[in-house]
Protein chains: 2
Amino acid sequence: MTPSLDATQLGAYFALIEASSLLKHAVEQQLREAGDLSYVQFQLLATLGDAPTGSRRMTDLADGVVYSRSGLTYQAQTLEKRGLVTRTQSSDDERSITVTITDEGRAVLAKVFPGHIAVLGDLLFAPLSRADIETLADILTRTRDHMRQTPPRSAEPRRRRKPTSAAE
Amino acid sequence: MTPSLDATQLGAYFALIEASSLLKHAVEQQLREAGDLSYVQFQLLATLGDAPTGSRRMTDLADGVVYSRSGLTYQAQTLEKRGLVTRTQSSDDERSITVTITDEGRAVLAKVFPGHIAVLGDLLFAPLSRADIETLADILTRTRDHMRQTPPRSAEPRRRRKPTSAAE
DNA sequence: GCAATGTGCTTCGGATTCGAAGCAACTGAT
DNA sequence: ATCAGTTGCTTCGAATCCGAAGCACATTGC
């Protein structure tokens, strides 16, 4: 039996993808104008700014914003050149790099934040009631957590044992 | 007073971005393995396949998947090279290009679909109840429609006129 | 008509991406 | 200690992406 989706599921899926794309796109414009930041750069700064120490390991940052390691290396270099973050060797693990947001980084963050909030309010939240937002947060948080837990290793078709043929 | 977001709004926003990123990422892997398609390419084929005539104008296609025109030109060429779509001049408007999905395109679509559905079921819908999905579809559809209507022209900083009292 | 604008698509150049491969530092078993 | 396997990050090359500029057809106003 082919597990086909019904209309509602399809609708939820498309709406999710479309809504996030449209939102991301709009936010990107605002961030570019307000502080010359790409969306990822903003996410990185925001993540760091939110951390108690203002710093995180490269790998954790990459996982946090769902980005490739090599891509993060590139962005970290870019942000470092602009003086928005610093990169230092970790003391306990020689190969680990700790990225830390600078005061200037926080300044840029503070500069773009109001506009960012405004876009969210105008586009994402405008047509929603308080209850809607709570519901949305609840539902999405559940799937997000589920996806985070689920086999991070791509769509590795759970090939249990099947030693005989193995093909591939 | 800076229009700050409360915890719930922040949670909804982050969950939305994270969930869509994780889902997109997972789906991309599956599409790549199953039919060597990128996410956009799949979206384009799916959009065309869904159209009554199996064809659309370039511009409409771009708007539909939230993509730049130049980016779409690139993808359309790629898909055409692989024989999954054809591009023909429109008869009534000489400069308009009509993109049409081919039988082969539909075949690829059919080939990747089951796996696609499976990923959605495992990741997105697994932790949700039927009611959750309906609610999610309803809420996201509303914001999506709102965003579609709202000034497509970027984040044109609504240069109000210098409200005397400021402070929103 | 015909110039002035507008619209649809492509080209161009530069910026980002990612995966694969490479390095260096850790870990654990021998 | 030493070798094999892991883990953290970077480099490399190739694919994608976008905005600005360009080109050709369309539409409007005169």
Side-chain angles (χ1 to χ4, degrees), chain A residues 21-22 24-33 36-44 55-82 85-100 152-156, chain B residues 21-22 24-33 36-44 55-82 85-100 152-156:
Chain A
S21 294
L22 289 166
K24 218 163 180 171
H25 198 264
V27 165
E28 191 130 87
Q29 310 270 123
Q30 185 271 317
L31 291 173
R32 182 68 66 191
E33 292 178 14
D36 196 36
L37 291 178
S38 68
Y39 194 70
V40 203
Q41 294 175 332
F42 170 74
Q43 283 185 295
L44 292 174
S55 54
R56 302 232 178 185
R57 291 194 321 152
M58 291 284 282
T59 294
D60 297 334
L61 266 181
D63 287 344
V65 300
V66 190
Y67 228 55
S68 70
R69 276 71 205 289
S70 52
L72 181 59
T73 293
Y74 176 79
Q75 288 300 347
Q77 289 174 339
T78 302
L79 290 174
E80 188 176 36
K81 274 182 202 143
R82 284 182 55 181
V85 306
T86 58
R87 294 190 299 167
T88 55
Q89 213 84 27
S90 176
S91 44
D92 49 324
D93 190 332
E94 207 53 44
R95 67 217 149 128
S96 180
I97 300 277
T98 299
V99 183
T100 307
R153 14 169 158 293
S154 38
E156 186 70 21
Chain B
S21 294
L22 290 167
K24 217 163 181 172
H25 198 263
V27 164
E28 191 130 88
Q29 309 272 123
Q30 186 270 317
L31 291 174
R32 183 68 66 192
E33 292 178 16
D36 196 37
L37 291 177
S38 69
Y39 194 69
V40 204
Q41 295 175 332
F42 170 74
Q43 283 185 294
L44 293 175
S55 55
R56 302 231 178 185
R57 291 195 322 151
M58 291 285 281
T59 294
D60 297 334
L61 222 36
D63 287 344
V65 300
V66 190
Y67 229 56
S68 70
R69 277 57 199 305
S70 52
L72 181 60
T73 293
Y74 176 78
Q75 288 300 345
Q77 289 174 339
T78 302
L79 290 174
E80 187 176 38
K81 273 183 202 142
R82 284 183 55 183
V85 306
T86 58
R87 294 191 299 167
T88 55
Q89 213 82 28
S90 177
S91 44
D92 50 323
D93 190 331
E94 206 54 43
R95 64 223 148 125
S96 180
I97 298 278
T98 300
V99 183
T100 307
R153 9 168 166 298
S154 38
E156 186 69 21

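Residue numbering restarts at 1 for every chain, and letters A, B, ... go by the order of the sequence lines.
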Between A:E94 and A:Q89, do the side chains contain an N or O donor and an N or O acceptor separated by less than 3.5 Å?
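No, because no side-chain N or O of A:E94 sits under 3.5 Å from a partner of the opposite role on A:Q89.
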To the nearest Å, give me how far apart [atom1] ([X]) and [atom2] ([N]) are.
X     : N      : atom1 : atom2 : result
B:K24 : D:dT16 : NZ    : P     : 16 Å
A:L31 : C:dT16 : CG    : P     : 14 Å
A:L44 : C:dT16 : CG    : C1'   : 13 Å
A:R56 : D:dG8  : CZ    : P     : 15 Å
B:E80 : C:dC9  : CD    : P     : 14 Å
B:K81 : C:dT10 : NZ    : P     : 12 Å
A:E28 : C:dA15 : CD    : P     : 16 Å
B:R95 : D:dC25 : CZ    : P     : 10 Å

Taking atom CG of A:L79 and atom CG of A:L37, what is their separation to the nearest 0.5 Å?
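So the gap between those two atoms works out to 7.5 Å.
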B:R69 and B:D63: CA distance, side-chain angles, deciding distance, salt bridge (Lys or Arg N to Asp or Glu O under 4.0 Å) verdict:
CA-CA 9 Å; B:R69 277 57 199 305; B:D63 287 344; 3.1 Å; yes
Can you check whether [X] reaches [Y] side chain to side chain, under 4.5 Å on heavy atoms?
X     : Y     : result
B:R56 : B:V99 : no
B:T73 : B:M58 : yes
A:K24 : B:S21 : yes
A:R95 : A:D93 : yes
A:Q41 : A:V65 : no
A:L61 : A:L72 : yes
A:Q75 : A:S70 : no
A:R32 : A:S38 : yes

On DNA chain C, check which nucleotide each of A:T78 and B:R57 is closest to and give me the residue with the more 5' one.
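The 5'-side residue here is B:R57.
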Could you list by number each residue of residues 60-72 of chain B showing a heavy-atom separation from DNA chain C of less than 4.0 Å, or answer none if no residue does?
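Within this stretch, B:R69, B:S70 sit under 4.0 Å of the strand.
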Kindly state which residues belonging to residues 86-93 of chain B come within less than 4.0 angstrom of DNA chain C, counting heavy atoms of the residue only, listed by number.
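B:R87 - these, ordered by number, are the residues of the stretch whose heavy atoms sit under 4.0 Å from the strand.
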If you check every side-chain atom of A:Y74, which of D:dC9, C:dT17, C:dG19 has the closest atom?
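Looking only at heavy atoms from C-beta outward on A:Y74, the closest nucleotide is C:dT17.
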Taking the minimum atom-to-atom distance to the side chain of A:Q75, which one of D:dT10, C:dT16, C:dT11 wins?
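Nucleotide nearest to A:Q75's side chain: C:dT16.
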OP1 or OP2 of C:dT11 under 4.0 Å from side-chain N/O of B:Q77
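Yes, such a contact exists.
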Between A:S96 and C:dA25, does any side-chain N or O lie under 4.0 Å from OP1 or OP2?
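A:S96 to C:dA25 OP1/OP2: no side-chain N or O under 4.0 Å.
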Under a cut-off of 3.5 Å for both distances of each Watson-Crick or G-U pair, what dot-bracket string does DNA chain C give, using [ ] for crossing pairs and | for inter-strand pairs?
||||||||||||||||||||||||||||||
Are the side chain of A:E28 and the backbone of A:Y39 linked by a donor-acceptor contact shorter than 3.5 Å?
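Yes, because the side chain of A:E28 sits within donor-acceptor range (under 3.5 Å) of the backbone of A:Y39.
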